[in-house]
Amino acid sequence: MAERKPIISGNWKMNLNHFEAIQLVQKLSYALTKDDVEAVDVSIHPPFTDLRSVQTVLEADKIPIALGAQNCHWESSGAFTGEIAPVMLAKLNVSLVIAGHSERRQLFGETNQDVNRKIKAILNAEMTPIMACGETLEQREAGEMEEHIVTQITEGLSGIKSEHVADMVIAYEPIWAIGTGATATPEDAQEVCALVRATVGNLYTSGTADKVRIQYGGSVKPGTAPELMSQPDIDGALIGGAALSSEDFAHCIQYRLR
Ligand code: PGA
């Protein structure tokens with residue numbers, strides 16, 4: 001089995017202006033040790049307006065945290081008012097971009113086809129996609145979770161080469177657990193992350209499935225991170241609320257010590 005380096009990502013959503021962003025990054029850099037960032041890949045995903053400021057701090061202070069974005073468009077330029085192109089993000093040394101977060105899907109109507117176009121564009125700009133998937137409570141209760149997740153993965157990855165899939169990140173985020181305080185149990189989270197990996201295995205090879213890193217997301221907190229991270233198919237976490245506190249986010253990253 002491949003050794004998969006854990007990856008913990010902070011999704012700041014629509015929070016913090018660029019002054020507040022700089023403060024949070026600096027506090028986070030004090031809270032993390034060299035060992036922490038050697039053991040775990042860490043990324044932060046601030047709003048677009050914060051990216052340049054955060055990039056400058058990360059680079060000036062040589063902070064080993066990857067810069068990420070929360071979304072992008074699939075075209076590289078053109079008449080798309082209000083959108084941001086992947087190449088613009090790459091120019092700011094953004095290395096990871098979330099595609100298909102449930103809030104994008106639910107509130108802004110993103111389809112699996114949109115997500116697929118975004119993933120291809122992110123890869124074209126030589127960045128790593130974090131493709132998010134997850135079911136609603138209604139889908140789970142109606143017994144439709146499995147079909148929904150398999151469809152999201154299959155359509156989201158359509159036409160993407162095996163070697164790219166192996167290097168990307170997939171985040172399983174049950175919608176009912178996002179921002180609600182209702183974390184999935186480690187067993188529930190493991191079950192669906194294993195399904196995600198098996199789906200990648202069916203679409204590609206077991207080698208690809210073995211390499212792809214899978215994050216769990218949905219109300220991850222310092223107290224729940226250790227057990228979630230100990231599950232065999234959970235390689236990381238995508239964290240919203242707790243990523244807005246340097247202390248809580250650092251404690252999640254330090255799950256091994258807790
Ligand atoms: P949460 O958000 O940790 O606040 O539940 C996770 C996410 O939406 O990525």
Side-chain angles (χ1 to χ4, degrees), residues 6-16 20-21 24 28 40-48 50-51 54 65-72 94-110 115 118-119 122 128-137 139-140 145 148-149 152-153 156 168-186 188-190 192-193 196 213-229 231 234-255 258:
I7 175 162
I8 296 189
S9 304
N11 173 13
W12 294 4
K13 308 193 181 184
M14 196 172 74
N15 294 293
L16 309 185
E20 296 163 331
L24 180 56
L28 188 59
V40 179
D41 285 338
V42 178
S43 68
I44 49 174
H45 301 249
F48 289 133
D50 299 356
L51 286 174
V54 173
I65 293 176
L67 185 58
Q70 301 172 17
N71 182 35
C72 64
V94 165
S95 56
L96 292 132
V97 186
I98 302 169
H101 188 280
S102 63
E103 286 151 17
R104 301 289 327 161
R105 295 176 188 264
Q106 289 202 310
L107 306 173
F108 302 99
E110 270 184 25
V115 175
K118 290 182 183 202
I119 292 173
I122 294 163
T128 302
I130 299 181
M131 179 176 82
C133 64
E135 81 288 0
T136 62
L137 190 58
Q139 286 167 329
R140 177 166 274 258
M145 178 273 285
H148 179 72
I149 298 289
Q152 282 188 324
I153 304 286
M168 65 184 263
V169 179
I170 300 178
Y172 166 60
E173 298 202 306
I175 293 166
W176 46 273
I178 295 179
T180 59
T183 325
T185 64
D188 282 343
Q190 161 58 26
V192 188
C193 290
V196 169
R213 291 188 290 178
I214 302 175
Q215 294 176 321
Y216 166 78
S219 298
V220 176
K221 301 277 181 289
T224 54
E227 220 187 324
L228 287 161
M229 291 298 294
Q231 303 300 315
I234 299 181
D235 309 311
L238 182 54
I239 303 177
L244 296 173
S245 148
S246 56
E247 217 184 10
D248 285 353
F249 191 50
H251 285 161
C252 290
I253 293 161
Q254 291 155 348
Y255 67 91
R258 304 181 74 78

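FYI, the numbering just counts along the sequence from 1. Remember, it's 1-based here, ligands and their atoms both numbered in the order they're listed.
For D50, the salt bridge (charged side-chain N to carboxylate O under 4.0 Å, His left out) test picks out no residue, with sequence neighbours left out.
Contact check for M131 versus V115: side-chain heavy atoms found under the 4.5 Å cut-off. Looking at heavy atoms from C-beta onward, Y255 lies in side-chain contact with V40 at the 4.5 angstrom threshold.
Under the side chain to side chain contact (heavy atoms under 4.5 Å, CB included) test applied with Y172, the options L238, I234, I149 reduce to a single match, I149. For the pairing with E135, the side-chain hydrogen bond (donor to acceptor under 3.5 Å, both in side chains) check across H148, R140, Q152 returns one residue only, R140.
At a cut-off of 3.5 Å, with distance as the only test, no side-chain donor of T183 or S219 sits close to an acceptor on the other residue.
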Pick out the protein N or O atoms lying less than 3.5 Å from any N or O of ligand 1, and list each pair with its distance.
unit_1, atom_1, unit_2, atom_2, d
ligand 1, 2 (O), K13, NZ, 3.3
ligand 1, 2 (O), G240, N, 3.4
ligand 1, 3 (O), S219, N, 3.4
ligand 1, 3 (O), G240, N, 2.9
ligand 1, 4 (O), G241, N, 2.8
ligand 1, 5 (O), G179, N, 2.6
ligand 1, 5 (O), S219, N, 2.7
ligand 1, 8 (O), K13, NZ, 2.7
ligand 1, 8 (O), H101, NE2, 2.7
ligand 1, 9 (O), N11, ND2, 3.4
ligand 1, 9 (O), H101, NE2, 3.2
ligand 1, 9 (O), E173, OE1, 3.3
ligand 1, 9 (O), E173, OE2, 2.7

